[in-house]
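The block underneath contains the structure these notes are about, expressed in structure tokens.
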Amino acid sequence: MPELPEVEVVRRGLERWVAGRTVADAEVLHPRAVRRHLAGADDFVHRLKGHRIGTPARRGKYLWLPLADSGQAILAHLGMSGQLLVQPPDAADEKHLRIRIRFADDVRTELRFVDQRTFGGLSLHDTTDDGLPDVIGHIARDPLDPLFDDEAFHQALRRKRTTIKRALLDQSLISGVGNIYADEALWRSRLHYDRPTTGFTRPRTTELLGHTRDVMNAALAVGGTSFDSLYVNVNGESGYFDRSLDAYGREGEPCKRCTTPMARRAWMNRSSYFCPKCQRAPRIS
DNA sequence: ACTTACTCCTGCACGC
DNA sequence: TGCGTGCAGGAGTAAG
């Protein structure tokens, strides 16, 4: 499940292997992979050809490849199971290969978008003055963005009538956090996922943001989390952070702080993992 | 205006 | 063994 650290690992791989190269041709093998490109697959392919790729950028879980001198960018979201792979042209097609992009140079690699569950996809969009694809203007800056505004986030939390994990997953408040890193940051902060945000104090928000950044940076340092082997970097390699998870996926295992068995609750069509002792439920639930 | 629920999709781990 | 069921869940959109 690619979240911010995993997407950043992919972005770095693209920066190394794809930036500066010119698109020769592209091939869309599954229309759903370009569903956010409203003009359709043929238009997507046609408009890519001949453009040179600039430095890959990222906000939260979105990443994009600017197309030099065009005012446009290829926007990518990996969804649940999307992979961007740099492969030799003669490597066998992956079972779930959705899009192939070939380059006009002598480097013997092509870019492939592979996606089992097809929640992800690529699309082409105009970029705004700050280089952001226009369709992701509603996505908040992420906690590793130097321009992320901690105070504005704190005030937004207090304004909202919501609970803390909902807020962490709300990409218009803070981006890049998904189910895994939300549970990890909450465990480190000793916060229950259902705690209302209304009464959050500034120190509490500051601590939570600190833990969010810490856990993301730690994951980034070891190549991200590959919980179910669906996430890999552009070379097809897994990250190692799954071994360092303190909360996610640890139902029944001892809390690493207090040894109480970790609990799992069905929550918003997914799961929340937490320590029932360290992360007390709010009084009114 | 704001919050919540639904929906898309495939493969795998289950239990009977 | 084979089949049905549940689960993984990001984010746009519809509904409340």
Side-chain angles (χ1 to χ4, degrees), chain A residues 1-8 10 28-38 58-64 75-84 93-99 113-123 125 132-143 155-186 193-198 212 216 224-232 238 241-242 245 247-252 263-274 285:
Chain A
M1 292 136 251
E3 302 179 29
L4 186 155
E6 292 74 37
V7 178
E8 175 60 18
V10 171
V28 175
L29 295 98
H30 196 306
R32 197 175 142 76
V34 291
R35 69 192 179 284
R36 290 194 72 181
H37 189 84
L38 301 178
R58 181 189 55 74
R59 175 176 286 192
K61 302 174 215 176
Y62 280 96
L63 71 84
W64 62 94
L75 181 65
H77 197 292
L78 303 179
M80 287 294 300
S81 54
Q83 305 174 343
L84 282 164
D93 286 3
E94 292 76 7
K95 182 177 180 186
H96 302 292
L97 176 62
R98 310 303 191 193
I99 299 169
F113 180 69
V114 176
D115 190 10
Q116 178 198 103
R117 295 177 201 166
T118 70
F119 275 35
L122 306 186
S123 48
H125 302 280
L132 200 72
D134 56 11
V135 293
I136 60 166
H138 63 294
I139 300 295
R141 291 185 186 276
D142 61 65
Q155 296 303 333
L157 274 189
R158 291 181 58 89
R159 265 198 311 276
K160 290 255 173 191
R161 278 194 306 279
T162 189
T163 48
I164 187 55
K165 188 170 172 183
R166 287 189 124 95
L168 283 177
L169 296 179
D170 184 340
Q171 306 296 302
S172 70
L173 287 180
I174 179 172
S175 68
V177 184
N179 204 37
I180 295 176
Y181 293 104
D183 280 3
E184 294 301 307
L186 290 170
Y193 58 90
D194 247 349
R195 183 168 287 279
T197 59
T198 315
T212 305
M216 285 182 162
T225 302
S226 304
F227 194 73
D228 58 7
S229 80
L230 280 179
Y231 158 73
V232 293
S238 295
F241 196 69
D242 57 309
L245 293 175
Y248 188 84
R250 299 195 67 246
E251 181 184 17
R264 176 167 75 100
R265 292 281 184 281
W267 181 86
M268 271 181 71
N269 271 337
R270 60 195 76 185
S271 293
S272 274
Y273 296 89
F274 66 107
S285 183

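Lettering of chains follows the sequences in order, A, B, ..., and the numbering in each one begins at 1.
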Within less than 4.0 Å of OP1 or OP2 of dG11(B), is there a side-chain N or O belonging to Gln116(A)? no
Whole-Å distance separating the CZ atom of Arg36(A) from the P atom of dT13(C): 8 Å
Taking atom P of dT4(B) as reference, at what distance in whole Å does atom NZ of Lys165(A) sit? 15 Å
Going from NE2 on His125(A) to CZ on Arg36(A), what distance comes out if it is rounded to the nearest 0.5 angstrom? 5.5 Å
Less than 4.0 angstrom between a side-chain N/O of Tyr181(A) and OP1 or OP2 of dG10(C), yes or no? no
Asp134(A) CG - dG12(C) P separation (whole Å): 13 Å
Side chains of Thr225(A) and Tyr181(A): is there a donor and an acceptor less than 3.5 Å apart? yes
At under 4.0 Å, does any side-chain N or O of Lys160(A) touch on OP1 or OP2 of dC2(B)? no
Contact under 4.0 Å: Arg35(A) side-chain N or O vs dG12(C) OP1/OP2: no
Identify the residue among Ile136(A), Val135(A), Asp142(A) that makes a side chain to side chain contact (heavy atoms under 4.5 Å, CB included) with Ile139(A). Ile136(A)
In this structure, how many angstroms lie between the C1' atom of dT3(B) and the CG atom of Leu173(A), rounded? 12 Å
So, is His138(A) near the phosphate of dG12(C), with a side-chain N or O under 4.0 Å from OP1 or OP2? yes
Is His30(A) touching bases, backbone alone, or none of the nucleic acid, heavy atoms closer than 4.0 Å? nothing
Protein-nucleotide distance (Asp115(A), atom CG; dG10(C), atom P), rounded to Å: 13 Å
What is the distance, to the nearest angstrom, from the CG atom on Leu78(A) to the C1' atom on dG10(C)? 11 Å
Classify the nucleic acid contact of Arg264(A) as base, sugar-phosphate or nothing, counting any heavy atom under 4.0 Å across all strands shown. sugar-phosphate
Less than 4.0 angstrom between a side-chain N/O of Asn179(A) and OP1 or OP2 of dG9(C), yes or no? yes
Would you mind telling me which of dA8(C), dG10(C), dC9(B) lies closest to the side-chain atoms of Arg32(A)? dC9(B)
Of the options dA5(B), dA11(C), dG10(C), whose atoms approach the side-chain atoms of Arg166(A) most closely? dA5(B)
In terms of side-chain geometry, is the basic nitrogen of Asp183(A) or Lys165(A) positioned less than 4.0 Å from the acidic oxygen of its partner? yes
Would you say Arg166(A) and Trp267(A) make side-chain contact, with heavy atoms under 4.5 Å? yes
For Leu63(A) and dG10(C), give me the distance from atom CG to atom C1', rounded to whole Å. 15 Å
Quick one: Trp267(A) CH2 to dC6(B) P, roughly how many Å, whole number? 15 Å
Tell me whether the side-chain N/O atoms of Arg117(A) come closer than 4.0 Å to OP1 or OP2 in dA8(C). no
Within the 4.5 Å heavy-atom criterion, are Val7(A) and His77(A) side-chain neighbours or not? no
Return no unless some side-chain N or O of Ser271(A) is found under 4.0 Å from OP1 or OP2 of dA8(C). yes
Phe119(A) stacking on dG9(C): centroids under 5.5 Å, ring planes under 30°? yes
Does a nitrogen or oxygen in the side chain of His96(A) sit under 4.0 Å from OP1 or OP2 of dG11(B)? yes
Closest of dT3(B), dA11(C), dG10(C) to the Arg161(A) side chain is dT3(B)
So, OP1 or OP2 of dG11(B): does either fall under 4.0 Å of a side-chain N or O from Lys95(A)? yes
